[in-house]
Amino acid sequence: MESGPAIFAGAVFALFGGALLVWTGIRVRRGEPVALGVSQVASATLASLAAVIALGLGAYCLTRL
């Protein structure tokens, strides 16, 4: 019974982290801003860090089944 929420949370974290990482990479490759009004390096770094953390949380949830 308790594995259902862990699977759901892990999938959500993994999908969000993966999508954010891909989106950030595409924005940086095109030279477009990741966040308006912020340094491109700082915003890309922060967004990539958030994506990696979300992917890590997703992996953690999925390995705790």
Side-chain angles (χ1 to χ4, degrees):
M1 278 292 175
E2 293 179 7
S3 65
I7 292 171
F8 178 74
V12 168
F13 277 125
L15 287 173
F16 174 74
L20 182 60
L21 198 58
V22 167
W23 180 81
T24 302
I26 290 172
R27 298 289 288 187
V28 169
R29 182 181 292 180
R30 291 182 180 175
E32 298 173 350
V34 176
L36 295 176
V38 183
S39 163
Q40 184 168 356
V41 174
S43 61
T45 302
L46 186 61
S48 298
L49 182 64
V52 168
I53 289 171
L55 284 170
L57 286 172
Y60 174 77
C61 288
L62 291 174
T63 58
R64 295 294 169 190
L65 297 177

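These numbers come from the heavy atoms of this one structure, side chains and all, not from hydrogens, waters or symmetry mates.
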**Student:** Any idea which heavy atoms bring Ala47 and Val34 closest together, and the distance?
**Tutor:** CB-CG1, 4.1 Å
**Student:** Grab the two heavy atoms, one from Leu55 and one from Gly18, that are nearest each other, plus how far apart they are.
**Tutor:** CD2-N, 3.6 Å
**Student:** Please determine whether residues Val28 and Leu46 belong to a single hydrophobic cluster, defined as Ile, Leu, Val, Met, Phe, Trp and Tyr linked transitively by side-chain heavy-atom distances below 4.5 Å.
**Tutor:** no
**Student:** Say you draw a straight line from CG of Leu21 to CD1 of Ile26; how long is it, rounded to the nearest 0.5 Å?
**Tutor:** 10.0 Å
**Student:** Looking at every non-hydrogen atom in both residues, tell me the closest pair between Ala51 and Gly17 and how far apart they are.
**Tutor:** CB-O, 3.4 Å
**Student:** Return the minimal non-hydrogen interatomic distance between Glu32 and Gln40, and the atom names on each side.
**Tutor:** O-NE2, 3.5 Å
**Student:** Heavy atoms only: give me the nearest Cys61-Gly10 pair and the separation to one decimal.
**Tutor:** CB-CA, 3.6 Å
**Student:** Nearest 0.5 Å, please: how far is CZ in Arg27 from CH2 in Trp23?
**Tutor:** 5.0 Å
**Student:** Specify the closest pair of heavy atoms between Ala54 and Phe16, including all atoms of both residues, with the distance to one decimal.
**Tutor:** CB-CD2, 3.9 Å
**Student:** Are Phe13 and Ile53 in one and the same hydrophobic cluster, where Ile, Leu, Val, Met, Phe, Trp and Tyr link if side-chain heavy atoms are under 4.5 Å apart?
**Tutor:** yes
